[in-house]
Amino acid sequence: MRSRPAAAAVAFVLALLLAPADAWPGWRTLSARRAPERVPGGLLFRAEGAVVSVTAVSPGIVRVRCARGEAFGRDHSYAVVAADPPSAVAVETGTTRSRVATPTLGVEIGHAPLAISVRDASGRLLDEDDPARGIGLAGEALRLDKRLPEDTHVYGLGEKAGPLDKRGRRFGGSALAMWATDVPGHDAATDPLYVSVPFYLALRGGVAHGVFLDSSFRSSFDVGKSSPNRLAFEVEGGELDYYLIAGPSPKQVIERYTALTGRMPLPPRWALGFHQCRWSYVPEARVREIAAGFRRRGIPADALWLDIDYQDGFKPFTWDREQFPDPERLVSDLRALGFRTVVILDPHPKKEPGYAPYDSGLAGGHFVTRPDGSVYEGSVWPVNAKRDPGPSVFPDFSRPATRDWWGGLMAGLVRTGVAGIWNDMNEPAVFDTPSGTLPLDVRHDNEGQPSDHREIHNVYGMLMSRATHEGLRRLRPGGRPFVLTRASFAGGQRYAAVWTGDNTADWASLRGSLPMLMGLGVSGFAFVGADIGGFMGMPSAELYTRWLQAGIFSPFMRAHSHTGLPDKEPWAFGERHTHLNRRAIELRYALLPHLYSLMEEASRSGLPVLRPLVLEFPSDPASAAVEDELMLGSDLLAAPVLVEGATERELYLPPGEWFDFWTAEQLAGGVKLRRPVTLESIPLFARAGAFVFRQGPVQHSGEAAGQPLIVDVFPAARSEGVLYEDDGSSFDYQRGSFARRRFVQSCVAAGCTIEVEAAAGAYATPARPLLVRLRGETPRRIRLGADELPRRDARQPDREPAGWNVTPEGVALVTLPDRGQALALRTER
Ligand code: GLC
């Protein structure tokens, strides 16, 4: 007779033999212990030591939530702002499988192990947990393994170095972490960076879905790294709480993701101009010199930035009165020249009794504490002050009252006339800890449910930018805030633009900036840019010019430099490059009407302005990994020159008809091209049917009013474009004071009709000339309504109210007075 222990041993060996080949060392797979329970919107499963719910939160979004223990904790998120319960949720329960379905998504849940598969309305499989693993538990950590089919591309995950496709096949998969980190001089292999967005978009055979892991704890994503056909994500604490987001197009995934986490608010129009920064422009005479330098050379610019040295001993909310005796006067003099002033504000008030932000912060309990309740002190910039250096304290931005207090501290800066605020070092960076940030046991309010830094670290920067944004809204209620932040988190697009931190002045960093910015765009951040010219080190004249030419297409366009380096302004590289750099910035300003319209679209749809090709051409396999070209909106493709000494640019045009923007040469897409380039070249292509909205030369965005509106029209059988305008600074557009105008084109063999609809909205655009440039063809005759337009000699001074001519470059140019009225042009070929 066998003894019981022997039977157990046999059973154990049998279990091992029967276990899936890749048993899961260290992890315990969850299985339902009994039949699921109905909860609003879905089902709840009870497993050994954990609960799991699957609920529909909108017709295209299903939430999967897993917590240790018998019940969920507080349902709280720093990222999610809106979820509308779906009108129709169908729930079925079975003995081994159950189902939760919305009109768009069907989720089938296997009970043992608890593993889901997701299908769209037509039954097509979108996503599937590894059926042998599903959700795993190990100590504080929770993990989920999903299948990663070989032909799936993965995009997003926020601010990430390296390839656009996060699967990173060339590197044998990627393991990427979410943990805000100050990483000066980052390169293609650096991970993590400053911003954490645990959201990815998966694309397979042209069909997309998204996954958003709503956890502020440290998390990691293994995208085909440990196993080429598996995508796993893991949280180090808290719940495993994620959203499955339907497409089918990548754009729909982004629209849904940003409906959930919010969208970039429309920025002031000046913020789309050129920004000049340096660590640091001091004293004020130097700032004035820079301003005069732009205007004297006729190089357009809208903003000058003051880095940490404007402050007294690097103390936030102070001015160094020796270097800046009268900031108000400086700011208003700059304003008179058409410059806005943006100043840096870091999250590290100095510990110094008598310094008002320290005193009021201490009195209000606004600083983070150690577990014993004492205020935490650490070294940041104030420890480097020449006079009286000392440690800093750190506001607890996870406490609403602290955000209000911080916002209020900016009253002085707002009175001084400062136009925007730059939040830096907000990972937060700390100089004297081994981790470079706050110790993990530092205490935070966590919006009323006290916690430690493990939970708040990743949202610290976003919450700082939130405090800044909301403070500016209160202090200047009529004006749109402008905030730039280095660290942020999913949903941070609601508060601030993001730049990619301390990059390097080398060609690899220029090339790497494109996929990084496009990845941010896919992750909900539409207002993004990289330091033009590179922050660390000195670029060659050629690299600076090429970076500026590429930077035209960044929604946020700022040149910056590390301290101690030679001058890096657009005129610092010799006369020839001054000319080239001016031309590049002029192109940016020419495109402002187009860019502003795209930004307005982004504020409503969440779609990025700077887009990877794959967003526009999801079914084109060749577009999937293109990361050295970009789309500006749907209609413009830029292939900036990113290689030193280039004499030609190899590029790919996706399927369809294209035009060279400069020459209107017609090009067939779906092929690779080689185009000869010179230092002047900014290869730019328009999709057939594009309407490109431009303005004439200006020195800053405020000069645009009354300038001609220029519309380049590239022919197509049928197309439309939308121009959006408003006052550029207030919130009146939210009460109807905007002008949105549709331009519709249809062409047949005999010619084209271009209808410009009357502007929708109450904003009266200034009276101005409308210049329509018909690209790619020269008609015989043009009519405005029923009347033939007079054809004029290009050299004749333009005295007629309306007419057309052929420019010396061979473009048919129609000139009309524009007061926002409807009109129709007909061309005869
Ligand atoms: C950080 C910022 C950089 C800034 C410097 C001084 O390195 O990333 O942009 O110039 O601090 O404030």
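Order of listing sets the numbers, starting from 1, for every ligand and every atom in it. Note: hydrogens, waters and symmetry copies are ignored here, and every other heavy atom, side chains too, is used. The first residue in the sequence is number 1, and the count goes up from there.
Ser196 and Glu159 share no donor-acceptor pair across their side chains, judged by distance under 3.5 Å alone.
A salt bridge does not link Glu586 to Arg583: none of the charged side-chain nitrogens sits closer than 4.0 Å to a carboxylate oxygen. Contact check on Arg454 versus Asp441 returns no salt bridge, with no Lys/Arg side-chain nitrogen under 4.0 Å from an Asp/Glu carboxylate oxygen. We find that Arg399 and Asp396 are not joined by a salt bridge, their nearest charged nitrogen and carboxylate oxygen being 4.0 Å or further apart.
Screening Arg558, Arg278, Arg486 for a salt bridge (charged side-chain N to carboxylate O under 4.0 Å, His left out) with Asp531, the sole residue that qualifies is Arg558.
Here the straight-line distance linking atom NZ of Lys160 with atom CG of Leu520 works out to 10.0 Å at 0.5 Å rounding.
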Would you mind writing out a table of all protein N or O atoms found under 3.5 Å from any N or O atom of ligand 1, naming both atoms and giving the distance to 0.1 Å?
unit_1: ligand 1; atom_1: 7 (O); unit_2: Asp502; atom_2: OD1; d: 3.4
unit_1: ligand 1; atom_1: 7 (O); unit_2: Asp502; atom_2: OD2; d: 2.7
unit_1: ligand 1; atom_1: 8 (O); unit_2: Arg486; atom_2: NH1; d: 2.8
unit_1: ligand 1; atom_1: 8 (O); unit_2: Asp502; atom_2: OD1; d: 2.5
unit_1: ligand 1; atom_1: 8 (O); unit_2: Asp502; atom_2: OD2; d: 3.4
unit_1: ligand 1; atom_1: 9 (O); unit_2: His560; atom_2: NE2; d: 2.9
unit_1: ligand 1; atom_1: 10 (O); unit_2: Asp307; atom_2: OD2; d: 2.5
unit_1: ligand 1; atom_1: 10 (O); unit_2: His560; atom_2: NE2; d: 2.9
unit_1: ligand 1; atom_1: 11 (O); unit_2: Asp424; atom_2: OD2; d: 3.0
unit_1: ligand 1; atom_1: 12 (O); unit_2: Asp307; atom_2: OD1; d: 2.6

